Amino acid sequence: MSLWEYANPARFMALTSRAQPWVWAAAALCLAVGLVWGFFLTPPAEKFGATVKIIFIHVPSALMAINAWAMMLVASLIWLIRRHHVSALAAKAAAPVGVVMTLIALITGAIWGQPMWGTWWAWDPRLTSFLILFLFYLGYIALWAAIEDPDTAADLTSVLCLVGSVFAFLSRYAVNFWNQGLHQGATLSLDKEENISNVFWLPLVISMVGFGLLFVALVILRTRTEVRARRLHALELRERMA
Amino acid sequence: MNRLIARDLRLAVRAGGGFGLGLAFFLIVSVLVPLAVGPERSQLAAIAPGILWVAALLACLLSLDRMFALDWEDGSLDLLATAPVPLESVALAKGAAHWLTTGLPLTLLAPLLGLFLNLPSAGYTMLVLTLAIGTPALSMIGAFGAALTVGLKRGGLLLGLLVLPMYIPTLIFGAEVVRRAAQSQPYQTPLLLLAGITLGAIALLPFAAAAALRINLR
């Protein structure tokens, strides 16, 4: 019994069809609890006022925007090394989810930035690196869309994902050089003494878990769709041959 | 490898288009900017390093799609793949040839355009030096992008979308050095980082480009 057994599409489909409702339910539960608690049951923060409540969407979506790329990187590596088709399809499925998460983070950030910094957009390192991440997502998705042969597309996008990760990482630190930040540093960590105040901490963590589960649920759904589309394509080809 | 570079250089010079086109584009972009933002000398001086770097970036991009595409169309890429030279060296040679036909002329032309854009005199040395150091990275990243899109019919636009985000670190460090030099500030750190990116790109990207070529030739 190993994890790789689920690389078999039939097993993957069987497992995910059983797991899918539970993941959706857990995501919905966490999001409902986290967001309702965050929006309606936390006090307005000093200095921020009620605008702080957008943090319950902004921070989790930003977290998932980065993690989605990390997941694509791992899935691409698995595809390149072990040639499991489900892995390549999962990377393909994760990209549009990741790009939407990046957009949500950018848009909620702009909405939050307007009252707090007095501007919708500042060329701050964090904002800029998110915009760059968005561009990398677009390139990745466009390359998938441009190539017809599915295996070639999977190979080339995987190579792009590996090289792109290096450059996205470089860009993230390069922009620090170029401008000082407006954005505050991380206020949520496992090892630091000083954290975001407790009133906000728990609903925020629940929202983050909710966004993570939502991401998993969406990726499962989209991967299943991709597997089915691949099967349909194979059936059509077989019919044409006959 | 040397013969491959020489062959690409001859093709670039004789077959027309590629060689002068990038330079002319560089010139035109640098002329368009003052027309768009106005002839205010102090304003031009402030944006000159950035404009020259962005123009160099775009000029580099312009000739990328023909780097492998022509060889792909007439089948010589297949021959190169079966030649005794490893495909990694082919990718490196192609990148080198691209640099010799675009990056190097751009570097040499840049001071003249700096004059047009009223670049402060402290910035000229660093403008030439950063372009000389940074454009090889642009060529190698471009070789990788061209290798990814070589099999596509209309790869040109996609190539821009793939390659330009990867140009960002080079652009940031390159323009930063020139800007700091123009304002007489210390610029050693970004200069070293720029050199680091170039060396890393030259060392590693031929492998990525060759991998992409192999996938496309399969």
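Both backbone and side-chain heavy atoms feed into the values below; hydrogens, waters and symmetry mates do not. Sequence lines set the chain letters: A, B, ... in the order given, protein chains first and strands last, and positions in each chain run from 1. What you see is a predicted model, and the numbers here were worked out from it, not measured in a lab.
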message: For chain B, which candidate among A:V159, A:V166, A:D149 shows the most heavy-atom pairs at distances under 4.5 Å?
response: A:V159
task: Could you pull out the closest heavy-atom pair between B:A208 and A:V163, with the gap in Å?
output: CB-CG2, 3.7 Å
statement: All heavy atoms of A:A174 vs all of B:I172, minimum pair found to be O-CG2, 3.6 Å
Structural part of B:L164 lying under 4.5 Å from a heavy atom of chain A: neither
- prompt: What's the shortest heavy-atom distance between B:M166 and A:F136, and which atoms?
  reply: CG-CE2, 3.8 Å
- request: Please round to the nearest 0.5 Å and tell me the distance separating atom CG of B:L159 and atom CG of A:L143.
  value: 10.5 Å
- prompt: Which pair of heavy atoms, one from A:A146 and one from B:L152, lies closest together, and at what distance?
  reply: O-CD2, 3.4 Å
- prompt: Got a sec: does the CG of B:L157 have more than 12 other heavy atoms crowding it under 6.0 Å?
  reply: no
- prompt: Should the heavy atoms of other residues, nucleotides or ligands under 6.0 Å from CZ of A:F12 be counted, would the total exceed 12?
  reply: yes
query: So does A:E236 have more than 12 non-hydrogen atoms from other groups sitting under 6.0 Å from CD?
result: yes
task: Heavy-atom distances under 4.5 Å only: say whether B:R180 touches chain A with side chain, backbone, both or neither.
output: side chain
query: A:A142 and B:L158: which non-hydrogen atoms are nearest, and at how many Å?
result: CB-CD1, 3.4 Å
message: Taking atom CZ as the centre, does B:F207 end up with more than 12 heavy-atom neighbours from other residues, nucleotides or ligands that are less than 6.0 angstrom away?
response: no
field: Heavy-atom pair of closest approach, residues A:F167 and B:L205
entry: CZ-CD1, 4.1 Å
- prompt: What part of B:I141 is in contact with chain A, defined as an atom under 4.5 angstrom from a non-hydrogen atom: side chain, backbone, both or neither?
  reply: side chain
- request: Answer with side chain, backbone, both or neither: which region of B:L204 has an atom nearer than 4.5 Å to a non-hydrogen atom of chain A?
  value: neither
message: Is B:Y167 close to chain A through its backbone or its side chain, or both, or neither, when contacts mean heavy atoms under 4.5 Å?
response: neither
query: If you tally heavy-atom pairs under 4.5 Å against chain A, which of B:I168, B:T170, B:I215, B:L161 wins?
result: B:I215
- request: Determine, for B:R218 against A:D155, whether the closest basic-nitrogen to carboxylate-oxygen distance falls under 4.0 angstrom.
  value: yes
